[in-house]
2 protein chains.
Amino acid sequence: MSKKVIPADSTTEEKIKEAGRKVFIRKGYAGTTTREIADEAGLTHALVNYYFRSKDKLFDIVTQEQVAAFFGKIYPIVNNEDTNLDEKVKGLINYYTEILIEEPGMVFFISSEMQNRPERIAKNMEDNQGLAKAVIARQLHEARPDIHPMQLMMCILGMIIFPYISRGVFQRSMGISENDIIKMLKERAEFLPALIKAMLSN
Amino acid sequence: MSKKVIPADSTTEEKIKEAGRKVFIRKGYAGTTTREIADEAGLTHALVNYYFRSKDKLFDIVTQEQVAAFFGKIYPIVNNEDTNLDEKVKGLINYYTEILIEEPGMVFFISSEMQNRPERIAKNMEDNQGLAKAVIARQLHEARPDIHPMQLMMCILGMIIFPYISRGVFQRSMGISENDIIKMLKERAEFLPALIKAMLSN
DNA sequence: GTCTATACAAAGATAGAC
DNA sequence: GTCTATCTTTGTATAGAC
């Protein structure tokens with residue numbers, strides 16, 4: 001997942017969407033003005049409304065695309081019949097470690113969306129068969145029949161994703177640099193599988 | 001931590017702050033207008049600025065209070081010399097289970113603040129001796145000397161807090177009711193200590 | 001000090017010219 | 001499809017009554 005660059009020959013609509021993504025990630029919804037988005041794209045602010053109806057709609061689309069990118073690749077992982085639980089956990093960890101270090105702004109969109117419009121994420125999941133009926137759910141049930149598989153999923157995802165939500169706090173309260181916290185997050189990907197395995201062993 | 005009710009004889013300033021808290025929780029920062037806050041409080045919108053200088057400042061104060069409430073009670077838990085690790089984990093779980101079920105809107109403020117202004121939360125922690133030097137950090141190090149205590153804290157907090165960030169998604173994707181998800185969250189408080197213990201046992 | 005009425009500027013949205 | 005002018009909403013500031 002590489003950072004998007006706006007091609008010089010892209011359409012106006014694409015320019016605006018990319019400019020919107022940039023500025024929204026940098027300044028958040030409230031801190032962004034449509035005029036600034038237009039400036040970033042080299043156009044007048046009226047065009048933001050012309051193409052996207054409203055600032056809100058544009059934000060919606062940007063968010064929706066971030067969500068789709070965030071979840072898109074996990075379905076093949078959790079639904080793979082040929083991998084065992086440990087391999088799936090490693091797959092999830094590696095994927096999220098990579099994408100969330102490369103696109104730190106993304107986790108903000110995801111956690112906001114999970115709380116503001118959970119139905120949209122739930123729908124995205126259902127369209128991809130979801131987690132409840134995924135192969136990983138069956139494997140989790142086999143490992144720990146005493147605990148609901150979705151409870152275990154919350155544990156696993158919490159351990160993987162929460163550090164990216166709280167990384168700023170930990171970085172500052174430990175008094176370390178941006179690079180050091182990234183190093184910790186990468187180290188984390190190494191030992192997490194073993195910790196999760198220990199947790200799941202009955 | 002019971003829901004605040006605005007007493008009829010409270011001051012104008014308190015009325016505005018409570019109205020602001022209500023509307024901000026319901027509609028978020030961008031979705032809230034100062035005029036609506038004033039309506040909710042039964043006053044004219046100019047008073048929001050008179051008492052709080054700006055919408056931003058009011059939001060700041062509301063958020064800061066939510067953060068203080070969220071973290072305030074954990075310091076005595078994690079710094080208690082007389083409890084062992086397992087008891088501390090149970091203390092954290094019980095506290096967060098209680099407060100986050102009773103005030104579901106709080107987790108939104110916390111996760112936003114962790115990402116938007118992590119330095120404020122870090123400062124709040126430092127003022128209370130923080131996590132890195134807390135008794136719990138020492139005990140985590142004794143349990144798993146091979147892994148940085150803060151890494152383990154991220155695991156524990158992730159398992160406890162992440163479900164409240166993602167509850168809406170899980171509720172919908174499992175097709176269950178509000179009450180059912182709350183039941184799951186309460187059940188969770190029962191078995192989490194054992195799972196965490198298993199994870200920490202070397 | 002508290003509050004009302006009002007003014008003003010910034011920003012989202014829209015109509016109409018080109 | 002693009003841009004300018006304009007309208008409306010909303011955050012902010014202030015003058016003046018009490």
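Chain letters run A, B, ... following the sequence lines, proteins first, then strands; residues in each count from 1.
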| field | Nucleotide interval of DNA chain D bounded by contacts with chain B (heavy-atom cut-off, under 4.0 Å) | value |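 Nucleotide range with atoms under 4.0 Å of chain B: D:dT10 to D:dA13.
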
side-chain hydrogen bond (donor to acceptor under 3.5 Å, both in side chains) partners for [X], two or more places apart:
X: B:Asp146; value: B:Arg144
X: A:Tyr29; value: A:Asp56
X: B:Lys123; value: B:Asp127
X: A:Arg117; value: A:Asp60, A:Glu113

| task | Give every residue pair that meets the ring-ring contact (aromatic ring centres under 6.0 Å, His included) criterion with at least one member in residues 82-115 of chain A, sequence neighbours excluded. | result |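 Found A:Phe59-A:Phe109, A:Phe70-A:Tyr96.
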
| query | Any salt bridge (charged side-chain N to carboxylate O under 4.0 Å, His left out) pairs touching residues 29-39 of chain B, not counting sequence neighbours? | reply |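 Counting only pairs at least two positions apart or across chains, the salt bridge (charged side-chain N to carboxylate O under 4.0 Å, His left out) contacts touching residues 29-39 of chain B are B:Lys27-B:Glu36.
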
| Should the pair B:Arg26-B:Glu40 be classified as a salt bridge under the 4.0 Å nitrogen-to-oxygen rule? |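 B:Glu40 and B:Arg26: salt-bridged.
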
Mind listing the side-chain donor-acceptor pairs of residues 147-154 of chain A below 3.5 Å, one per line with the distance, residues two or more places apart or on another chain?
{"from": "A:His148", "atom 1": "ND1", "to": "A:Met150", "atom 2": "N", "distance (Å)": "3.0"}
{"from": "A:Gln151", "atom 1": "OE1", "to": "B:Arg188", "atom 2": "NH1", "distance (Å)": "2.9"}
{"from": "A:Gln151", "atom 1": "NE2", "to": "B:Met184", "atom 2": "O", "distance (Å)": "2.9"}

| task | Grab the CD1-P distance between A:Ile16 and C:dG12 for me, whole Å please. | result |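 Value for this atom pair: 14 Å.
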
| query | Counting only non-hydrogen atoms, which of residues 42-54 of chain B are less than 4.0 Å from DNA chain C? | reply |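 Within residues 42-54 of chain B, the residues near DNA chain C are B:Thr44, B:His45, B:Ala46, B:Leu47, B:Tyr50, B:Tyr51.
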
| Which of residues 31-38 of chain A sit near DNA chain D, with a heavy atom under 4.0 Å from it? |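 The answer is none.
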
| task | Would you please name every residue forming a salt bridge (Lys or Arg N to Asp or Glu O under 4.0 Å) with A:Glu190, sequence neighbours left out? | result |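 A:Glu190 satisfies salt bridge (Lys or Arg N to Asp or Glu O under 4.0 Å) with no residue once adjacent residues are dropped.
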
I'd like a table of donor-acceptor pairs (distance under 3.5 Å, sequence neighbours excluded) in which one partner is a side-chain atom from residues 167-175 of chain B, with atom names and distances.
{"from": "B:Arg167", "atom 1": "NH2", "to": "B:Glu178", "atom 2": "OE2", "distance (Å)": "3.1"}
{"from": "B:Gln171", "atom 1": "NE2", "to": "B:Ile176", "atom 2": "O", "distance (Å)": "3.3"}
{"from": "B:Arg172", "atom 1": "NH1", "to": "B:Gly168", "atom 2": "O", "distance (Å)": "3.1"}
{"from": "B:Ser173", "atom 1": "OG", "to": "B:Val169", "atom 2": "O", "distance (Å)": "3.2"}

